[in-house]
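Inspection log for the structure reproduced underneath, given as structure tokens.
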Amino acid sequence: MKISEVQTKKTSKPLEKAFKTALREVTEIEVIDVMIRLENGDTGNGSAASTWQITGESLPSIHAAIDGPIKDVILNRDIEELEDILTKVEKNCIGNTSAKAAVDIALHDAYCKLFGVPLHQYLGGGSVFPETDMTIGLDRPEIMQKDAKERVGQGFNVLKIKVGNDEQMDISRIEKIREVVGEEATLRLDANQGWDRKQAVQIIRHLEKKRGIELVEQPVPAHDFEGLKYIRERVDIPIMADESLFSPFDAFRLIKMEAVDLLNIKLMKSGGIRRARQIADTAQSAGIECMIGSMMESSVSVAAAAHLAYAHCNITYYDLDAVLWLKEQPEKGGITWHGATAELSNKPGLGFT
Ligand code: MG
């Protein structure tokens, strides 16, 4: 079935409150939506968020990549040749991982609709719906303490605490949050590249003496694989790569160097579902478990990530709270949220109608 049309459109939706990390502050989810139409009228949908500080892509650059080199290699192709189309997309355009992710998601959606299967079934099927963590954005310790208490009250048992801009304040953030959430809540930390390697070791070792932290994500700058290894060799808390990991090749290098304990996969970094699966498979072969995460993305790409996570047995950590930050919840379809749990639709593709 030939791909007859590729359309892009910019949309934006406001957040209930600003989302802050050591890298950036976001007040709305702005994305480029992609729609692929097959000649029988079936459509597939995808979406890409722009993160200048992480992938280097802007909304205009995402639009230009899709409308130019990517469209060139998908128009008039048979969707049944999905694997080859995705390889052409990969090769015809270097970088631009978010633009590729949007198209990869739309192609998977259209392909699954043509064959009448939900995306998660196409990917292997799942048994336990993903339960997301909830992010506590970077702020003054008292404010983060209040947020954390509120979130646990709403039923989020796993909190991802943003740190990474001030050593003493970071420690105070964790201590204050632990005071109010008790021992039941799981805390994971994300420094978003905000520490240097020695500082990271000091902070993590200090926290180790007190109460359990499940993992620490991306303590040092993205390029510093040696720094991740340096930290991992000196602390007990598992270290996870996020901004250091884009491609399956990054995964291979991080694993070979024994630089990390865990990997955080995001479709916007990997370039979509196919590459994300390759990362999860590569990690599985080395005994390294993965998280599925997302940027501040739309319900379409978060649903794609949730389908993949549900179906892949080596994706065991979930950070998919982006859509829960929206002021208004999107129209039904894809994911139905039950508190922190993402129930996936059994309709074909991503499940949106
Ligand atoms: Mg992160």
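Nothing fancy with the numbering, it's 1 onward along the sequence. Remember, it's a predicted structure, so these values are computed and weren't measured experimentally. As the structure lists them, so they are numbered: ligands from 1, and atoms in each ligand from 1.
- For the Mg ion (ligand 1), the set of nearby N, O or S atoms under 2.8 Å includes none belonging to Glu243.
- Take the N/O/S atoms of Asp190: the one nearest the Mg ion (ligand 1) is OD2.
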Inset, instruction - Would you please test Asn157 and Glu184 for side chain to side chain donor-acceptor pair (under 3.5 Å) and show each step? - result: CA-CA 7 Å; Asn157 299 316; Glu184 312 86 69; over 6 Å; no
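- A salt bridge (charged side-chain N to carboxylate O under 4.0 Å, His left out) with Glu217 is found for exactly one of Arg188, Lys162, Lys160, namely Lys160.
- Aromatic ring pairs are classed by plane angle as parallel below 30°, tilted from 30° to 60° and perpendicular above 60°; the pair His307 and His120 is parallel.
- Taking the Mg ion (ligand 1) as reference, the nearest N/O/S atom within Glu217 carries the name OE2.
- For Tyr122 and Phe115, the ring centers are positioned 6.0 Å apart or more.
- If you look at Asp242 and ask which of its N, O or S atoms sits nearest the Mg ion (ligand 1), the answer is OD2.
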